[in-house]
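Atom set for the values below is all heavy atoms of this structure, side chains included, hydrogens, waters and symmetry mates excluded. Counting convention: from 1, in listed order, for ligands and their atoms alike. The structure presented is a predicted model; accordingly, all values stated were derived computationally and were not measured.
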Amino acid sequence: MNKKLYVISGSSGVGKGTVLKGFMDRNPSFMLSISCTTRAPRPGEADGVNYFFLSKEEFQNCIDNDKFLEWAEFAGNRYGTKKKYINQCLADGKDIILEIDTKGALQVKKQMPEAVLIFIAPPSLEALEARLRGRHTEDEATIQKRLNEVKVELERAKSFDKTIINDDLERAIAELEAEIKNA
Ligand code: ADP
Ligand code: 5GP
């Protein structure tokens with residue numbers, strides 16, 4: 001295992017966060033990048049834990065000052081990965097995981113061809129929609145915006161190094177572990 005930067009992407013509600021939590025519980029030496037976003041915190045989310053929650057002005061300031069390794073607009077909000085933390089982890093020889101959207105993932109691959117891109121796919125589109133709705137964190141308009149992204153995300157996934165289907169949660173976590181250990 002000598003690859004150091006792993007990027008996990010997948011459609012909203014597919015279970016990226018859940019699979020990654022399972023992975024991190026078993027592999028605590030991995031660093032999980034905390035992104036910046038302009039979206040509002042969901043109940044239970046905390047600044048500096050789930051995201052750094054920025055105003056639109058603060059986010060634009062980071063863009064203007066070249067602070068982001070990558071950033072993208074997703075379903076009406078902006079999301080970005082700060083360069084500083086990633087570069088520090090890599091300099092310290094730590095393995096780092098980014099959980100970002102497919103546009104951002106392809107930007108990272110361009111700059112860091114050694115990055116391993118892993119796409120988490122749903123067992124079916126029906127299951128994806130049921131999970132997104134079942135989470136009860138988004139209103140209907142937001143759910144529709146997120147579902148509208150799915151087709152283009154699946155298209156971009158063709159450029160990824162690996163696709164893992166999140167059917168059975170434990171199986172998907174085990175496959176992610178195996179994939180990262182063999183990378
Ligand atoms: P994402 O981070 O990709 O947006 P989440 O991790 O929040 O998705 O998961 C969305 C919903 O799907 C959550 O309610 C979660 O409990 C559920 N979920 C995740 N993985 C599975 C799975 N393998 N089978 C059934 N439900 C799942
Ligand atoms: P959510 O609002 O559900 O937390 O995230 C929405 C989407 O934004 C997900 O696809 C998630 O992976 C993506 N995302 C989170 N952080 C970043 C980031 O730093 N950069 C990019 N490009 N996408 C991100």
Tell me, which protein residue and heavy-atom name are nearest [atom], and how many Å apart are they?
atom                    : result
atom 10 (C) of ligand 1 : Gly13 O, 3.4 Å
atom 20 (N) of ligand 2 : Glu70 OE2, 2.7 Å
atom 7 (C) of ligand 2  : Phe74 CD2, 3.6 Å
atom 2 (O) of ligand 1  : Gly17 N, 2.9 Å
atom 11 (C) of ligand 2 : Glu99 OE2, 3.3 Å
atom 16 (N) of ligand 2 : Ser35 OG, 3.0 Å
atom 16 (O) of ligand 1 : Thr18 OG1, 4.1 Å
atom 20 (N) of ligand 1 : Asn166 ND2, 3.1 Å
atom 23 (N) of ligand 2 : Asp101 N, 3.0 Å
atom 15 (C) of ligand 2 : Tyr51 OH, 3.2 Å

Can you measure from CG (Leu54) to CG (Asn77) and round to the nearest 0.5 angstrom?
->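 Taking CG in Leu54 and CG in Asn77, the distance rounds to 11.5 Å.
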What distance do Leu154 atom CG and Thr163 atom OG1 have between them, rounded to the nearest 0.5 Å?
-> 9.0 Å
With hydrophobic residues grouped by side-chain heavy-atom distances under 4.5 Å, do Leu20 and Tyr51 end up in a single group?
->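 The answer is no; the residues belong to distinct hydrophobic clusters.
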Taking the basic N atoms (NZ, or NE/NH1/NH2) and the acidic carboxylate oxygens, is any pair closer than 4.0 Å for [X] and [Y]?
X      : Y      : result
Arg171 : Glu175 : yes
Glu114 : Lys4   : no
Lys145 : Glu73  : no
Glu140 : Arg133 : yes

So is [X] in contact with ligand 2, going by heavy-atom distances below 4.0 Å?
X      : result
Lys103 : no
Phe68  : no
Lys16  : yes

N or O contact, [X] vs ligand 2, cut-off under 3.5 Å:
X      : value
Arg135 : no
Cys36  : no
Arg42  : yes
Thr81  : yes
Tyr79  : yes

Counting from 1, what ligand 1 atoms have a heavy atom of Asp167 closer than 4.0 Å?
->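 Those atoms are 22 (C), 23 (N), 24 (N).
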Please could you name the atoms of ligand 1 that Arg135 approaches to less than 4.0 Å, counting only its heavy atoms?
->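 Counting from 1, the qualifying ligand atoms are 1 (P), 4 (O), 5 (P), 7 (O), 8 (O), 10 (C).
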Looking at ligand 1, does Gly134 have a heavy atom less than 4.0 Å from it?
->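 Under 4.0 Å: no for Gly134.
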Return yes when atom NZ of Lys82 has more than 12 non-hydrogen atoms of other residues, nucleotides or ligands closer than 6.0 Å, and no otherwise.
-> no
Lys67 atom NZ: more than 12 heavy-atom contacts under 6.0 Å = no
Do Phe68 and Phe59 have side chains that get closer than 4.5 Å, going by heavy atoms?
->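 Yes; the side chains approach each other to less than 4.5 Å.
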Can you tell which part of Arg39 has a heavy atom less than 4.0 Å from ligand 2: side chain, backbone, both or neither?
->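 The answer is the side chain of Arg39.
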Taking atom types as modelled and ignoring hydrogens, do the side chains of [X] and [Y] form a donor-acceptor contact shorter than 3.5 angstrom?
X      : Y      : result
Gln107 : Gln111 : no
Asp92  : Gln88  : yes
Glu153 : Ser11  : yes

What is the ring orientation for Phe23 with Phe30, classed by angle as parallel under 30°, tilted 30 to 60°, or perpendicular over 60°?
-> perpendicular
Hey, is ligand 1 close enough to Asp168 that some N/O pair sits below 3.5 Å?
-> no
Indicate yes or no: does an N/O atom of Ser12 lie under 3.5 Å from an N/O atom of ligand 1?
->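 No; every N/O pair is 3.5 Å or more apart.
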Going by heavy-atom distance to atom 9 (O) of ligand 1, choose the closest among Gly15, Ser9, Gly22, Ser11.
->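 Considering heavy atoms of Gly15, Ser9, Gly22, Ser11, the nearest to atom 9 (O) of ligand 1 sits in Gly15.
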Candidate with minimal heavy-atom separation from atom 22 (C) of ligand 1, of Arg131, Arg146, Glu170 |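 Looking at heavy atoms only, Arg131 sits closest to atom 22 (C) of ligand 1.
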Is the side chain of Ser9 donor-acceptor paired with the backbone N or O of Ile120 at a distance under 3.5 Å, no angle test?
->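 Between the backbone of Ile120 and the side chain of Ser9 there is no qualifying donor-acceptor contact (under 3.5 Å).
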